[in-house]
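Throughout, numbering of the chain's residues begins at 1 and tracks the sequence.
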Amino acid sequence: SRRRRWLVVDFDGTCTAHDTTPLLPKLASLVAREKRRTSSSTSSSSSSSSTDVDEKEEADDDSNIHERDLQNRLLQFEQLEKEYFKLYQMAKEEIASFSSMGEEGEGNNNDDDDN
């Protein structure tokens, strides 16, 4: 049997075989984590040298912050995705109702314009 193939238009307008839009909250979380690391390394390099224990605590804190941030982003993405699909379904139903109204009217056409 032949398998159906699809091209998906991704969030950035590119076409791919798989929708990568659900990766957005994960990518955003990783970018935010990297920003935090960069800003904390800049501020810690100007202060006194830290011990191995301090570095482990910082890593644990960063991991906890990252996990909370990721969960928040995933929840927000899920809510936005549900809202989008709800509105998309409503729009499809509205279009379908307009289409059916047009089909009903086609049978009732009177050619009164010729009189």
Open item on the list: To the nearest 0.5 Å, what is the distance between CG on L23 and CG on L30?
Closed with: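 Nearest 0.5 Å value for the CG-CG distance: 10.0 Å.
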- [ ] Please name all residues satisfying side-chain hydrogen bond (donor to acceptor under 3.5 Å, both in side chains) with Q76, sequence neighbours left out, ordered by chain then number.
- [x] none
- [ ] Measure the CZ-NZ distance between F77 and K26 for me, rounded to the nearest 0.5 Å.
- [x] 10.0 Å
TODO: Can you measure from OG (S99) to NZ (K92) and round to the nearest 0.5 angstrom?
DONE: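 Those atoms lie 12.5 Å apart.
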- [ ] Taking S29 for its side chain and P25 for its backbone only, find out whether a donor-acceptor pair lies under 3.5 Å.
- [x] no
TODO: With sequence neighbours excluded, tell me which residues meet side-chain contact (heavy atoms from CB on, under 4.5 Å) with I65.
DONE: R36, R68
- [ ] Measure the CD-CD distance between E67 and Q71 for me, rounded to the nearest 0.5 Å.
- [x] 5.0 Å
TODO: Quick one: closest heavy-atom pair of R33 and S63, and the distance?
DONE: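 Taking R33 first and S63 second, the nearest heavy atoms are NH2-CA, 3.9 Å.
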Task: Partner residues of E93 under the side-chain contact (heavy atoms from CB on, under 4.5 Å) criterion, sequence neighbours left out - done: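 Counting only residues at least two positions away or on another chain, E93 forms a side-chain contact (heavy atoms from CB on, under 4.5 Å) with Q89.
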Open item on the list: With rounding to the nearest 0.5 angstrom, report the CG to CG distance, N64 to D69.
Closed with: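 Rounded to the nearest 0.5 Å, the CG-CG separation comes to 12.5 Å.
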- [ ] Rounded to the nearest 0.5 Å, what's the gap from CG on L74 to CG on L24? Could you check?
- [x] 11.0 Å
Task: Donor-acceptor side-chain pairing of E83 and Q79 below 3.5 angstrom - done: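 Per modelled atom types, E83 and Q79 side chains form no pair under 3.5 Å.
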TODO: On the 0 to 90° scale, with breaks at 30° and 60°, tag the F85-Y88 ring pair as parallel, tilted or perpendicular.
DONE: perpendicular
